[in-house]
Amino acid sequence: MSVRKAEPYKIKMVEPINLIPREEREKALKEAGYNPFSLRADQVYIDLLTDSGTGAMSDRQWSALMMGDESYAGSRSFYRLLDVAKCITGYKYIVPAHQGRGAEQILLPNVIKKKGDYVLGNMHFDTTKAHIEIAGGRAVNFIDEKAFNTTDYDPFKGDFDLEKLEKFIKEKKAENIACIIVTVTCNSAGGQPVSMANIKAVKEIADRYGIMVLIDAARYAENAYFIKKREAGYENKSIREIAMEIFSYADGFAMSAKKDGLVNMGGLVGIKDDEELYTAVRSLMVPMEGFPTYGGLNGRDMEALAVGLEEALEFDYLESRIGQVEYLGQMLHDAGVPIQWPVGGHAVFVDCKKICPHIPFNQFPAQAVCNAVYIEGGIRPVEIGSFLLGRDPETGEDLESPLEFMRLTIPRRVYTNRHMEVIADAVINVAKNAEKLVGFEFEYEPKVLRHFTAKLRPVK
Ligand SMILES: *Cc1c(COP(=O)(O)O)cnc(C)c1O
């Protein structure tokens, strides 16, 4: 029998958190318009809104901050970051950006050459889709159908449907396709990984038609871990080798460093060897992000990121990180709570259509469950369903999301497995009494990105 392992770190500094009484939680949620986004963070006990920029830095990262070189141009910290990122990716050109969407806004307009060009992806993240559209492109998703079957096990639910992808390229012609973006892991499909075989096959298709491949690398280290654990032939490869192979099948990447960079703010663009593209990105960078050797980051931020990138590739860290998400998922699964199975790398997605079949999609079943979980345990989840999806821009009709998820997003190195148990208790209690939950309707609905600021009220 193998020895049980705990978190591969001990805690040197603590940040107190506090569970306010139930009546205060009820009052707080009502004042927040039944929208957890509008809660104050100190009204929340365990915050599972996102894993983006919410991780804990290590003592090594905190001490690296002191080494930050704040020179406007040619900062030593920039060169340190460059060395680390080049070594991980094998790419010739690396430029910093203030976060993932900063990376997207300097890369995508240089890739989308003419209005109406398609950008194909497994499932584009919201800001990626927005930047594709701002640059005049059209975002199309080709995720395999298996992603929408939440109950049946599949090791790589983030995979592209390769047949559909190639068929589309043939139909629309390669010259109308700006690039293919492979999002690893696929955030919008529940943090589900993409297999190496699939990434490689995407590259082969792209090469056949002369199309550029980019990686949305926010969770590339977590994806590499899943490949090591689940894909034949990779069990003896290091996470670093696997990551390098992933990057080898692309021509560039955009990365939100707020995830696998293990920093609270930061991003990167990488370009394998296309000097012309690099020059174009650098030119756009100056007005958008900052001078090319800082790109919206402090020197100290670049130091912390250089350390974080290395730490996120450590097997023990990834095993504990993804193991913690699995631990929460397993507790819910064992108690009969329907979740996306297997669980993804950064979150447990609870299938609220199954928990609340009595609440119609336009009364937001997953939002009802999120709100109940806050009242029950002071835990803040986030809705990923019809409330988030919004309305059809042309008809104004409420769109129905194929899946109504409550996402329990786990920050990196922040909570212990004891917190996971408390979360599981609250969710299980809510699911047991779900037939009593009611849906929500709008009191105030903003025109765009409504889920951030909308105010709701319970349906009578
Ligand atoms: C978070 C994220 C982004 C955007 O990054 P920000 O740092 O939030 O701007 C892009 N793609 C994916 C897959 C993400 O998860």
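We number each residue from 1, following the sequence as shown. Start at 1 and go down the list; that is how both ligands and their atoms are numbered.
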Is a side-chain donor or acceptor of N298 paired with a backbone partner of R300 at a separation under 3.5 angstrom?
-> no

Protein contact of atom 8 (O) of ligand 1 - nearest heavy atom, named by residue and atom, plus distance = R101 NH2, 2.8 Å

Ring centres under 6.0 angstrom apart (Y294, F78) = no

For D216, atoms of ligand 1 separated by under 4.0 Å from a heavy atom = 10 (C), 11 (N), 12 (C), 13 (C)

Applying salt bridge (charged side-chain N to carboxylate O under 4.0 Å, His left out) between D51 and each of R412, R407, K259, K258, report the one that passes.
-> R412

What is the nearest protein non-hydrogen atom to atom 6 (P) of ligand 1, stated with its residue, atom name and distance?
-> Q99 NE2, 3.2 Å

Protein residue, atom and distance nearest to atom 4 (C) of ligand 1, heavy-atom basis = T127 OG1, 3.5 Å

Is the centre of the F440 ring less than 6.0 Å from the centre of the F387 ring?
-> no

Per-atom contacts, ligand 1 versus K258 - under 4.0 Å to a heavy atom = 7 (O)

Polar-atom distance check: G102 versus ligand 1, any N or O pair below 3.5 Å?
-> no

Please find out if less than 6.0 Å separates the ring center of Y220 from that of F253.
-> no

Ring centres of Y234 and F226 under 6.0 Å apart?
-> no

Subset of ligand 1 atoms that lie under 4.0 Å from at least one heavy atom of T183 | 13 (C)

Near E104, which atoms of ligand 1 are under 4.0 Å from a heavy atom of that residue?
-> 10 (C)

What is the nearest protein non-hydrogen atom to atom 14 (C) of ligand 1, stated with its residue, atom name and distance?
-> K259 NZ, 3.0 Å

Between F142 and F160, is the ring centre distance below 6.0 Å?
-> no

Nearest heavy atom to atom 5 (O) of ligand 1, choosing from G53, S256, A103, A97, belongs to S256

Ligand 1 to R219 polar contact by distance, N or O atoms, under 3.5 Å | yes

Look at atom CE of M212 and say whether more than 12 heavy atoms of other residues, nucleotides or ligands are closer to it than 6.0 Å.
-> yes

